[in-house]
S.K.: 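Got a structure here, written out as structure tokens. Questions coming.
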Amino acid sequence: MKKKSIPIVIIYLILCLGISNLLWVLAYSNPEADSSMIYTILASFFPMLLALVMAKITGEGWNHLGIAFHFRKWRYYLIAVLGTILLVYGSNPLMLLLFPAEVSSRFSLGRIGEILLMVLLGILCFIECLGEELGWIGYLFPKLEELAGTTGSIVLLGLIRGCYHIGLLSFMDYPVQGFVELTISNILLQSFMIYLYKQSGSLFPCTIMHRISNLLPILLVYDNSWYYHSFFAMAVNMVPAAVIGIACYLIMKKKEFLCKRTYS
């Protein structure tokens, strides 16, 4: 990484995190206002918009941002879909087994149709999450990887994603616990996303994964007050993310996809 790239990363993060969180605050401070949806859309797409502008200004261009479908690598799109379903629902049996008094199951065969519908909508409407992934993985990740290596960039990206949502989380009932859960889960999930990105050479499997995870309904219902005050329950809920994240990390290590920092 050239020395001039470090200020570019710093400027990008300051502008992106600062303005995005301001937009989240404007959106959720008056959610009934007509402008709320506009602010939400702007916040969702701002990492991408800023990345495109900065890449153009610095002369880096857009050719290396991963904006391409590689249909011959279709299996990674399939892995993104199946892996996300496992991420969302994999902890449900364990949660029900360990916390039978607090967690109730509402699973029925009829809900399989809802799951399939949400998966289909996630695939068709992935463009919404491209606003984040183009900024974080397409633009920022290669720079962080040169600065901190693949392992370090995975941790940094998880922290950045958590900070990106602070303005939104501040309006939730349990903002501190929500931030901790979101940040840790994002750190765990970065291995999966980076694995998909490196194997497919495209942002779109990551984007599809992101969108499906946002849409899938929750099959287990529990009280937020109990859940966000039980770090053990939160840890159990993150078991699938940890398993998949570690597995993808080990696969990347075996295939020698992990890079060391190249800037000193």
Side-chain angles (χ1 to χ4, degrees), residues 1-17 20 46-70 73 76-77 79-80 83 87 129-165 182-210 213 241-242 244-264:
M1 174 180 281
K2 298 178 181 178
K3 285 188 176 181
K4 68 176 183 180
S5 297
I6 296 178
I8 290 174
V9 169
I10 295 173
I11 291 170
Y12 178 82
L13 288 176
I14 291 174
L15 289 176
C16 191
L17 296 180
S20 295
F46 193 75
M48 177 184 74
L49 296 174
L50 183 60
L52 292 175
V53 171
M54 290 191 64
K56 203 68 176 177
I57 291 175
T58 59
E60 180 182 352
W62 300 346
N63 293 331
H64 305 291
L65 295 178
I67 314 173
F69 281 105
H70 297 151
K73 298 187 176 182
Y76 297 107
Y77 294 83
I79 291 172
L87 284 170
C129 292
L130 182 62
E132 285 189 48
E133 301 314 327
L134 191 146
W136 304 141
I137 295 182
Y139 180 74
L140 194 59
F141 168 71
K143 297 174 175 57
L144 291 178
E145 190 174 39
E146 292 180 357
L147 177 63
T150 306
T151 304
S153 66
I154 286 172
V155 176
L156 287 172
L157 272 179
L159 292 170
I160 290 167
R161 287 179 185 270
C163 293
Y164 166 75
H165 289 92
L182 181 65
T183 301
I184 294 176
S185 62
N186 272 317
I187 290 174
L188 295 173
L189 291 176
Q190 289 313 294
S191 289
F192 186 31
M193 301 187 85
I194 297 305
Y195 166 77
L196 292 172
Y197 177 62
K198 283 179 174 286
Q199 288 282 40
S200 67
S202 171
L203 290 174
F204 295 115
C206 306
T207 306
I208 289 172
M209 170 202 160
H210 189 162
S213 66
I244 292 177
I246 292 172
C248 289
Y249 183 85
L250 293 176
I251 291 172
M252 288 192 291
K253 184 176 182 180
K254 183 178 180 180
K255 293 189 174 185
E256 299 183 348
F257 284 171
L258 301 181
C259 303
K260 296 182 179 179
R261 56 180 293 181
T262 57
Y263 171 78
S264 58

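Just so it is clear, the model here is predicted, and its values are computed rather than measured.
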S.K.: Should Ile11 and Met54 be marked as a side-chain contact (heavy atoms from CB on, under 4.5 Å) after you check the CA-CA gap, both sets of side-chain angles, and the distance that decides it?
M.R.: CA-CA 10 Å; Ile11 291 170; Met54 290 191 64; 4.2 Å; yes
S.K.: Please answer whether the main-chain N or O of Leu159 pairs with a side-chain N or O of Thr183 as donor and acceptor at a distance below 3.5 Å.
M.R.: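 No; judged by distance alone, with no hydrogens or angles, the pair does not exist.
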S.K.: To the nearest 0.5 Å, what is the distance between CG (Leu188) and CD1 (Ile154)?
M.R.: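 Reported to 0.5 Å precision, the distance equals 10.5 Å.
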S.K.: Going by the rule ring-ring contact (aromatic ring centres under 6.0 Å, His included), which residues pair with Tyr139 if we only count those two or more places apart in sequence or in a different chain?
M.R.: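 Residues passing ring-ring contact (aromatic ring centres under 6.0 Å, His included) with Tyr139: Tyr12.
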S.K.: Measure the spacing between CZ of Phe257 and CD1 of Ile251 and express it to the nearest 0.5 Å.
M.R.: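 Atom-to-atom, Phe257:CZ and Ile251:CD1 are 10.0 Å apart.
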S.K.: Which pair of non-hydrogen atoms, one from Leu130 and one from Thr207, has the smallest distance, and what is that distance?
M.R.: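 Heavy atoms only, the tightest pair is N-CG2, 3.3 Å.
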S.K.: Indicate the atoms forming the closest heavy-atom contact of Phe204 with Gly66, along with that distance.
M.R.: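 Closest pair (atom of Phe204, atom of Gly66, distance): CE1-O, 4.4 Å.
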S.K.: Just say parallel, tilted or perpendicular for the rings of Tyr76 and Tyr195, cut-offs at 30° and 60°.
M.R.: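 Perpendicular, since the angle between the ring planes exceeds 60°.
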S.K.: Could you measure the distance from the CG atom of Leu134 to the CD1 atom of Ile67? Nearest 0.5 Å is fine.
M.R.: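 Separation between the atoms: 4.5 Å.
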S.K.: Please check if the side chain of Trp62 supplies one atom and the backbone of Leu52 the other of a donor-acceptor pair under 3.5 Å.
M.R.: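 Side chain of Trp62 to backbone of Leu52, a donor-acceptor pair under 3.5 Å: yes, one is there.
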S.K.: Please evaluate residues Cys16 and Trp136 with respect to the criterion side-chain contact (heavy atoms from CB on, under 4.5 Å), reporting the C-alpha separation (whole Å), side-chain torsions for both, the decisive distance (0.1 Å), and the verdict.
M.R.: CA-CA 10 Å; Cys16 191; Trp136 304 141; 3.6 Å; yes
S.K.: For Pro205 and Ser200, work out which heavy atoms get closest and say how close.
M.R.: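 Minimum heavy-atom contact is CG-OG, 3.5 Å.
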S.K.: Sequence neighbours left out, what passes ring-ring contact (aromatic ring centres under 6.0 Å, His included) with Tyr249? Give chain and number order.
M.R.: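 With neighbours one apart ignored, the set is empty.
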S.K.: Please check if the side chain of Lys73 supplies one atom and the backbone of Gln199 the other of a donor-acceptor pair under 3.5 Å.
M.R.: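 Present.
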S.K.: Which heavy atom in Ser202 sits nearest to a heavy atom in Tyr77, and how many Å separate them?
M.R.: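 Smallest interatomic distance, heavy atoms only, reads OG-OH, 3.8 Å.
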S.K.: Is a side-chain donor or acceptor of Ser213 paired with a backbone partner of His210 at a separation under 3.5 angstrom?
M.R.: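 The answer is yes, because a donor-acceptor pair under 3.5 Å joins these two groups.
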S.K.: Which residues satisfy the side chain to side chain donor-acceptor pair (under 3.5 Å) test with Thr150, sequence neighbours excluded?
M.R.: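 Testing Thr150 for side chain to side chain donor-acceptor pair (under 3.5 Å), a comparison that skips the adjacent residues, returns Glu145.
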S.K.: Once rounded to the nearest 0.5 Å, what's the spacing between atom SG of Cys248 and atom CZ of Phe192?
M.R.: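 Answer rounded to 0.5 Å: 5.5 Å.
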S.K.: Any heavy-atom pair between the side chains of Gln190 and Arg161 that's under 4.5 Å?
M.R.: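 Result yes, sub-4.5 Å side-chain heavy-atom pair found.
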S.K.: Please determine which of Ile184, Leu87, Ile194, Ile244 meets the side-chain contact (heavy atoms from CB on, under 4.5 Å) test together with Leu189.
M.R.: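 Going through the options one by one, the only one that passes is Leu87.
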S.K.: Return the minimal non-hydrogen interatomic distance between Ile137 and Cys206, and the atom names on each side.
M.R.: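 Closest approach of Ile137 to Cys206: CD1-SG, 4.0 Å.
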S.K.: Show your working on side-chain contact (heavy atoms from CB on, under 4.5 Å) between Leu13 and Leu140 and close with a plain yes or no.
M.R.: CA-CA 9 Å; Leu13 288 176; Leu140 194 59; 3.6 Å; yes
S.K.: Under the side-chain contact (heavy atoms from CB on, under 4.5 Å) rule, what do Ser5 and Lys143 come out as? Steps first, then yes or no, please.
M.R.: CA-CA 8 Å; Ser5 297; Lys143 297 174 175 57; 5.6 Å; no
S.K.: Do Ile160 and Leu144 come within less than 4.5 Å of each other through their side chains, counting heavy atoms only?
M.R.: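 Yes - at least one pair of side-chain heavy atoms lies under 4.5 Å apart.
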S.K.: With rounding to the nearest 0.5 angstrom, report the OG to CZ distance, Ser20 to Phe46.
M.R.: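 Reported to 0.5 Å precision, the distance equals 5.5 Å.
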S.K.: For Leu182 versus Gly162, what's the shortest heavy-atom pair and its separation?
M.R.: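 Closest heavy-atom pair between Leu182 and Gly162: CD2-CA, 4.3 Å.
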